[in-house]
Each structure stands twice: as structure tokens, then as C-alpha cells.
Amino acid sequence: MDRTSLVAELNRRGLRDEALAGPLYKRLAQALTSLIQEGLLKAGTALPGERDLAEALKLGRVTVRTAYRDLMAAGALESRHGSGTFVSGKVERMEQSLWRLSSFSADMRSRGRLPAARILSREINTPSPEESFLLGLGAGEPVLRLDRLRLADGLPLAIERAVVPVKFLGENAGGEGSLYDALAANGHRPVRALQRLTAVTLDTSYAAMLNVKAGAPALLIERVSRLEDQRVVEYTRSHYRGDAYDFVAELRIGDDHE
């Protein structure tokens, strides 16, 4: 996206719309974040200098500087000495325990990050044969099938497909917010899960959504979660950016060692 297209797109998003909440620099930061999330600003893209963008948008230079600063602090932008400001291709790596069951939202909040989700698709339908087998359902029992892009502080980290029997969600079957919170509100919080991790590469579509290059490494995590009474409550397939996560587990030597 060249400077002219960027300025036009930012103006189109109504930076000066009084109906939008927050100071002007936050609106600019959010508009830039949206362009990154939507794949219109790719990793490595050079952004205009503070003075140039301020003049083009008819904003104060301090407004642009503050927006850039906040996005750098969030990891969405990076400053390269002598070169300018760029859309970041890196994210801060996070350690994720293989032994703790938590939702994406809860995990991000525990790290002081703001979780968010963009719904890619949502439907209530009958399960596929594989889903029926994994969830222990009859062929006619409806499931919520929810595909979401998971973000933290505006940065895309994972693409998740969750399949949950509607009977466990009740009136919360809309798929908004945390699924674990919705399950807990209906008395069906998962208490244990079996996860399988596989190293994969991202195809063009998934790479674009995660703002990385096609063929970039990722972790495919398949999880089957259960209630206290052993009923399966969730089946999830998630593709996590390989440059964002380190999954760790503590191992103990067994009693039968030599």
C-alpha cells in the first residue's frame, strides 16, 4: 500500500468522526491496527514519516508520533535506525504451559494483554462424522462451529476453529466473547483436555490473516476438552504463529528408571 492509498484509507475510516470514542492518536492507532489485521499493511511495509503522515492527514505531528509510539510498544510497528518506521514482522515470544488448561482470552489477560477475536465464520449445523465421533454425539445433535482470528493487543496470533455441542451453550450459542466463559455460565466449564501438537506450514490464506509470509512455520494444536463427568465439551483446531509461542512442559523421571 503506497502513501496515497494509506492516507485515503485512513481518511475513509473517519479519524475525525466525533462519534468515535477516544483521543485522536488512539483512533489513528486503531485504524492502523485494523489495516494490519486485515492484511492491507503487510509485515515489513514502510510507513510514512511522522511529518509526512501528519501533513497528509492534516493532523498534529505529536498525534502521529504518539500513535506510532503506542503501536511500537504493542509490537505492531518497529523503528529501524536510519530507515524509518515499519510494520513489524516479529512478535514477542510467549511461553505456554502444556499442562494448564485455559482459554485464549484468559491466557492473554493474565499476561496483561488485551484479547480480541474476529469472527471468520459461524454456523450452527449438524456435526461431520469426525466431529460426531470426537464429541460423542448423535448425527442429528447440533453443534456451533466457530472460526475466529485470535488477537492480542491488535496482533494476530492464531486462527481457531472450535466445535461445541449447542446443548452445552444454551442461550450463549452465539459465539461472542470467550467460549469458556459461555460454557462456564451454562454450568459446563471444561476441566481437562488432551492436546496434540503438530509442526506445519501456513498456506497463503492463513498466512495473510496472521500477517506472515506464505509457508511460515506454525503449530497446529488439536484439543479435545472434557467435563468432570468425562463428556466431551469442545473440539478445537488452532493454528498458532510459530514465531510467537514456545510450548513448555515439566518432565519428571519415572520410578522405573535405571
Side-chain angles (χ1 to χ4, degrees), residues 33-34 36-39 91-98 100-111 113-125 127-128 130-131 134-135 142-166 168-169 172-186 188-212 214 216-226 232-247:
T33 297
S34 296
I36 294 171
Q37 292 173 1
E38 294 165 17
V91 296
E92 180 184 349
R93 295 190 70 87
M94 294 176 283
E95 285 194 356
Q96 175 69 45
S97 171
L98 288 173
R100 187 168 67 91
L101 177 60
S102 65
S103 69
F104 179 91
S105 297
D107 184 45
M108 291 302 110
R109 285 194 292 264
S110 73
R111 300 172 189 272
R113 299 190 174 201
L114 180 64
R118 194 173 98 210
I119 295 177
L120 305 174
S121 67
R122 174 176 52 199
E123 64 175 359
I124 293 178
N125 210 329
S128 69
E130 180 187 19
E131 291 166 350
L134 289 169
L135 293 166
V143 296
L144 170 67
R145 195 175 292 114
L146 182 64
D147 292 355
R148 294 182 292 179
L149 178 65
R150 308 309 305 267
L151 308 105
D153 293 335
L155 295 175
L157 293 180
I159 298 169
E160 173 190 275
R161 162 164 284 194
V163 185
V164 180
V166 170
F168 293 130
L169 289 166
N172 297 312
E176 301 292 345
S178 167
L179 274 181
Y180 275 26
D181 288 349
L183 287 165
N186 212 41
H188 297 297
R189 179 183 289 277
V191 297
R192 59 178 57 86
L194 179 65
Q195 290 194 145
R196 181 188 300 273
L197 280 69
T198 306
V200 297
T201 56
L202 296 168
D203 63 22
T204 302
S205 174
Y206 273 28
M209 286 188 280
L210 291 173
N211 203 24
V212 297
L219 285 171
L220 168 61
I221 302 178
E222 296 182 275
R223 182 172 66 206
V224 176
S225 303
R226 295 179 181 272
V232 177
V233 69
E234 170 207 30
Y235 169 55
T236 301
R237 283 173 54 92
S238 302
H239 287 78
Y240 281 81
R241 287 177 57 158
D243 61 348
Y245 279 89
D246 290 317
F247 286 84

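Below, all heavy atoms of this structure are taken into account, side chains as well, without hydrogens, waters or symmetry copies.
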Measure from the side-chain N and O atoms of Asp203 to the backbone N and O of Ser205, and report whether any donor-acceptor pair falls under 3.5 Å. yes

Can you tell me how far the OG1 atom of Thr236 sits from the CG atom of Leu134, to the nearest 0.5 Å? 11.0 Å

Applying salt bridge (Lys or Arg N to Asp or Glu O under 4.0 Å), run through Glu131 and Arg145 and close with a yes or a no. CA-CA 10 Å; Glu131 291 166 350; Arg145 195 175 292 114; 2.7 Å; yes

Verdict with reasoning, Arg150 to Ile159, per side chain to side chain contact (heavy atoms under 4.5 Å, CB included): CA-CA 6 Å; Arg150 308 309 305 267; Ile159 298 169; over 6 Å; no

Does Arg223 form a salt bridge (Lys or Arg N to Asp or Glu O under 4.0 Å) with Glu234? I'd like the steps, not just the answer. CA-CA 8 Å; Arg223 182 172 66 206; Glu234 170 207 30; 3.3 Å; yes

Chi angles and distances behind the side chain to side chain contact (heavy atoms under 4.5 Å, CB included) call for Leu146, Leu179: CA-CA 10 Å; Leu146 182 64; Leu179 274 181; 4.2 Å; yes

Heavy atoms of Pro190 and Val233 approach each other most closely as CG-CG1, 3.6 Å

In Å, rounded to the nearest 0.5 Å, how long is the span from CG of Leu219 to CZ of Arg196? 14.0 Å

Should Arg189 and Leu183 count as side-chain neighbours, where that means a heavy-atom distance under 4.5 Å? no

Quick one, Leu220 with Leu197, criterion side chain to side chain contact (heavy atoms under 4.5 Å, CB included). Give me CA distance, side-chain angles, the key distance, then yes/no. CA-CA 6 Å; Leu220 168 61; Leu197 280 69; over 6 Å; no

Distance check, rounded to the nearest 0.5 Å: Leu144 atom CG versus Asn125 atom CG? 11.0 Å

Might you point out which heavy atoms bring Met209 and Leu120 nearest each other, and give the distance in Å? SD-CD1, 3.7 Å

If you measure from OH on Tyr240 to CD1 on Ile221, what distance do you get to the nearest 0.5 Å? 5.5 Å

Distance-minimising heavy-atom pair for Ala182 and Leu169: CB-CD2, 4.0 Å

With a 4.5 Å heavy-atom cut-off, do Leu135 and Val143 have their side chains touching? yes

Going by atom types alone, do Tyr235 and Ser225 pair a side-chain donor with an acceptor below 3.5 Å? no

Looking at Asp147 and Arg161, would you say the former's side chain and the latter's main chain have a donor-acceptor pair under 3.5 Å? no

Taking all non-hydrogen atoms of both residues into account, name the closest pair between Ala158 and Leu210 and its distance. N-CD2, 3.5 Å

In short, His188 meets Asn186 closest at the heavy-atom pair CD2-O, 3.2 Å

